[in-house]
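Some notes on the structure that comes next.
Only this structure's heavy atoms are used, side chains among them; waters, hydrogens and symmetry mates stay out. Just so it is clear: chains get the letters A, B, ... in the order the sequence lines come, proteins before strands, and each one is counted from 1.
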Amino acid sequence: MPKEAKTTRKAKAGGRRKKDPNAPKRSLSAYMFFANEQRETVRSENPGIAFGQVGKLLGERWKALSPKEKVPYEARAAQDKKRYEEEKAAYLANGGSADYDDDE
DNA sequence: GGCCTGATTGTTTAT
DNA sequence: ATAAACAATCAGGCC
């Protein structure tokens with residue numbers, strides 16, 4: 001049974017609540033870096049394209065790339081991951097659940 | 001000890 | 001500032 005479910009995340013994307021106190025913002029995904037560079041190219045080749053189309057185009061192209069093509073993007077993702085490691089370390093070092101602040 | 005879900009990241013455009 | 005499609009990602013919760 002192919003579970004096509006995408007990790008069953010929430011339906012929307014807006015601003016979810018921070019379940020963590022100091023919330024070490026996690027790292028970015030390779031797609032974020034990919035989009036960062038491709039967004040210019042995609043929009044450049046698709047002048048006046050709608051945001052929904054760009055996003056879809058980006059996704060299709062992303063998967064169209066070979067794992068080695070994604071390497072540079074994953075590399076940056078790994079870079080950010082390391083950056084996140086510091087946040088996480090500080091977050092744990094600070095006492096994990098210590099500060100009480102739901103919304104700002 | 002292994003899995004599963006939820007929360008999060010950043011981009012686009014339009015309101 | 002927000003909303004949704006797009007993909008990745010991880011960390012913590014759970015039995």
Inset, instruction - Just call it for A:L28: base, sugar-phosphate, or nothing, with non-hydrogen atoms closer than 4.0 Å on any strand. - result: sugar-phosphate

Legend entry - Within residues 30-42 of chain A, residues whose heavy atoms come under 4.0 Å of DNA chain B: A:Y31, A:M32, A:N36, A:R39

Legend entry - Earlier contact from the 5' end, DNA chain C, for A:E60 and A:P24: A:E60

Inset, instruction - Grab the CZ-C1' distance between A:R83 and B:dT8 for me, whole Å please. - result: 14 Å

Legend entry - Atom pair NZ/NZ of A:K81 and A:K88 - distance to nearest 0.5 Å: 6.0 Å

Legend entry - Under 4.0 angstrom between A:R43 side-chain N/O and B:dT13 OP1 or OP2: yes

Inset, instruction - To the nearest Å, give me how far apart CZ (A:R76) and C1' (B:dG10) are. - result: 13 Å

Legend entry - Interatomic distance, A:K88 NZ vs C:dG12 P [rounded to whole Å]: 7 Å

Inset, instruction - May I have the distance from A:D80 (atom CG) to B:dT8 (atom C1'), rounded to whole angstrom? - result: 11 Å

Inset, instruction - Take atom CD of A:Q53 and atom P of B:dA14, then tell me their distance rounded to the nearest Å. - result: 13 Å

Inset, instruction - Indicate yes or no: does A:R76 engage A:E37 in a salt bridge with an N to O separation below 4.0 Å. - result: yes

Inset, instruction - Using a heavy-atom cut-off of under 4.0 Å over every strand shown, decide if A:I49 touches base, sugar-phosphate, or nothing. - result: sugar-phosphate

Inset, instruction - State the CD1-CG distance between A:I49 and A:L58, to the nearest 0.5 angstrom. - result: 9.0 Å

Inset, instruction - Working to the nearest 0.5 Å, report the span between CE of A:M32 and CZ of A:R39. - result: 12.5 Å

Inset, instruction - Round to the nearest Å and state the distance from A:K25 atom NZ to C:dA11 atom C1'. - result: 15 Å

Legend entry - Atom-pair distance (OH on A:Y73; P on B:dG10), nearest Å: 18 Å

Inset, instruction - Would you kindly give the CD-to-P distance between A:E74 and C:dA7, to the nearest whole Å? - result: 15 Å

Legend entry - Distance test, side-chain N/O of A:K81 to OP1/OP2 of C:dC10, below 4.0 Å: no

Inset, instruction - Among the candidates C:dA5, C:dA11, C:dA8, find the nucleotide nearest to the side-chain atoms of A:K56. - result: C:dA5

Legend entry - Closest heavy-atom pair and its distance - A:W62, A:A30: CH2-CB, 3.6 Å

Legend entry - Comparing A:G52 and A:E85 on DNA chain C - which has the more 5′ nearest nucleotide: A:G52

Inset, instruction - Report the residues that fulfil ring-ring contact (aromatic ring centres under 6.0 Å, His included) with A:F33, sequence neighbours left out, ordered by chain and then residue number. - result: none

Inset, instruction - Check whether any side-chain N or O of A:Y31 sits under 3.5 Å from a backbone N or O of A:G59 as a donor-acceptor pair, and report yes or no. - result: yes

